[in-house]
Amino acid sequence: MSQVLDRQRTEYRVPVRRRSPVVDYTLIAIGALVALVGVYFQFAPSNWWLAHFSEAYYLWSYVVGGLFLTTGFGVFANRTMEEDGHASTRAITATILAILALAGAVVASLVLIF
């Protein structure tokens, strides 16, 4: 095959500008902290600081924390897909974690409603 045909078949990718991961990691950290506050409200003895709240507080913490985690992992997966140009292990793992966080938020909201 000639060099001209080889050159025509070559695909050129436009280099993607690397985005800063600050937003991703901030959303993930906020989501984890909010979910941990829910764990504290649920399992802390009633004589500890702020542990006497009702069950609505920790369930809402799980819902809000799950939504923050879903958003953070989703943005991370999107950024990773743009940087790598294909579905890498990091992107797939972040997508699975986002789906699991969303499922947890939905379950906590259903428990809160019913």
Side-chain angles (χ1 to χ4, degrees):
M1 195 176 289
S2 70
Q3 292 177 351
V4 174
L5 289 176
D6 282 341
R7 235 185 267 150
Q8 288 177 350
R9 288 186 181 190
T10 306
E11 294 181 20
Y12 294 102
R13 281 190 32 205
V14 177
V16 178
R17 194 181 91 196
R18 295 182 64 89
R19 292 189 310 181
S20 174
V22 172
V23 173
D24 314 348
Y25 296 144
T26 303
L27 287 171
I28 292 170
I30 289 172
L33 286 174
V34 170
L36 285 174
V37 166
V39 170
Y40 173 76
F41 285 153
Q42 182 177 3
F43 292 112
S46 61
N47 58 355
W48 286 11
W49 183 68
L50 293 178
H52 60 279
F53 289 145
S54 68
E55 68 182 25
Y57 286 99
Y58 72 84
L59 288 174
W60 276 112
S61 292
Y62 292 156
V63 171
V64 173
L67 293 177
F68 271 111
L69 287 171
T70 300
T71 306
F73 284 125
V75 171
F76 178 77
N78 184 25
R79 182 179 56 85
T80 305
M81 283 283 290
E82 287 178 358
E83 286 178 1
D84 295 344
H86 64 285
S88 63
T89 305
R90 293 185 311 158
I92 293 171
T93 304
T95 304
I96 290 171
L97 288 174
I99 291 169
L100 289 175
L102 181 63
V106 167
V107 167
S109 65
L110 289 176
V111 169
L112 184 66
I113 292 171
F114 298 116

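These figures come from a predicted structure and were not determined experimentally.
- Residue Ala91 comes nearest to Met81 through the heavy atom pair CB-CG, 3.7 Å, listed as atom of the first residue, atom of the second, then distance.
- Residue Leu112 holds its CG atom at 9.5 Å from OH of Tyr58, rounded to the nearest 0.5 Å.
- A search for side-chain hydrogen bond (donor to acceptor under 3.5 Å, both in side chains) contacts involving Ser88 returns Asp84, not counting sequence neighbours.
- The nearest pair of heavy atoms linking Thr95 to Ala77 is OG1-CB, 3.5 Å.
- Residues Ile30 and Leu100 fall into different hydrophobic clusters, defined by Ile, Leu, Val, Met, Phe, Trp and Tyr side chains chained together at heavy-atom separations under 4.5 Å.
- Shown here for Gly74 and Ala98, the closest heavy-atom pair between the two residues is N-CB, 4.0 Å.
- Note on Val64 and Leu59: separate hydrophobic clusters, where clusters join Ile, Leu, Val, Met, Phe, Trp and Tyr whose side-chain heavy atoms are under 4.5 Å apart, directly or indirectly.
- Both Val63 and Val37 belong to a single network of hydrophobic side chains, linked directly or stepwise wherever heavy atoms of I, L, V, M, F, W or Y lie under 4.5 Å apart.
- Val111 is connected to Phe43 through a chain of hydrophobic side-chain contacts under 4.5 Å among Ile, Leu, Val, Met, Phe, Trp and Tyr, so both are in one cluster.
- Side chains of Phe68 and Thr71 form no contact here, defined as non-hydrogen atoms less than 4.5 Å apart.
- At least one side-chain heavy atom of Leu67 sits less than 4.5 Å from a side-chain heavy atom of Leu102.
- Counting only distance, with no hydrogens or angles, the side chain of Thr93 and the backbone of Arg90 share no donor-acceptor pair below 3.5 Å.
- Between Arg79 and Pro21 the shortest heavy-atom distance is NH2-CB, 3.4 Å.
- Every residue was checked against the ring-ring contact (aromatic ring centres under 6.0 Å, His included) condition with Phe76, not counting sequence neighbours, and none meets it.
- At least one side-chain heavy atom of Val39 sits under 4.5 Å from a side-chain heavy atom of Tyr62.
- Taking every heavy atom of both residues into account, Ala94 and Phe73 meet most closely at O-CB, 3.5 Å.
- How far OG1 of Thr80 is from CD1 of Ile92: 11.0 Å, rounded to the nearest 0.5 Å.
- Val75 and Val22 fall into different hydrophobic clusters, where Ile, Leu, Val, Met, Phe, Trp and Tyr side chains are chained together by heavy-atom contacts under 4.5 Å.
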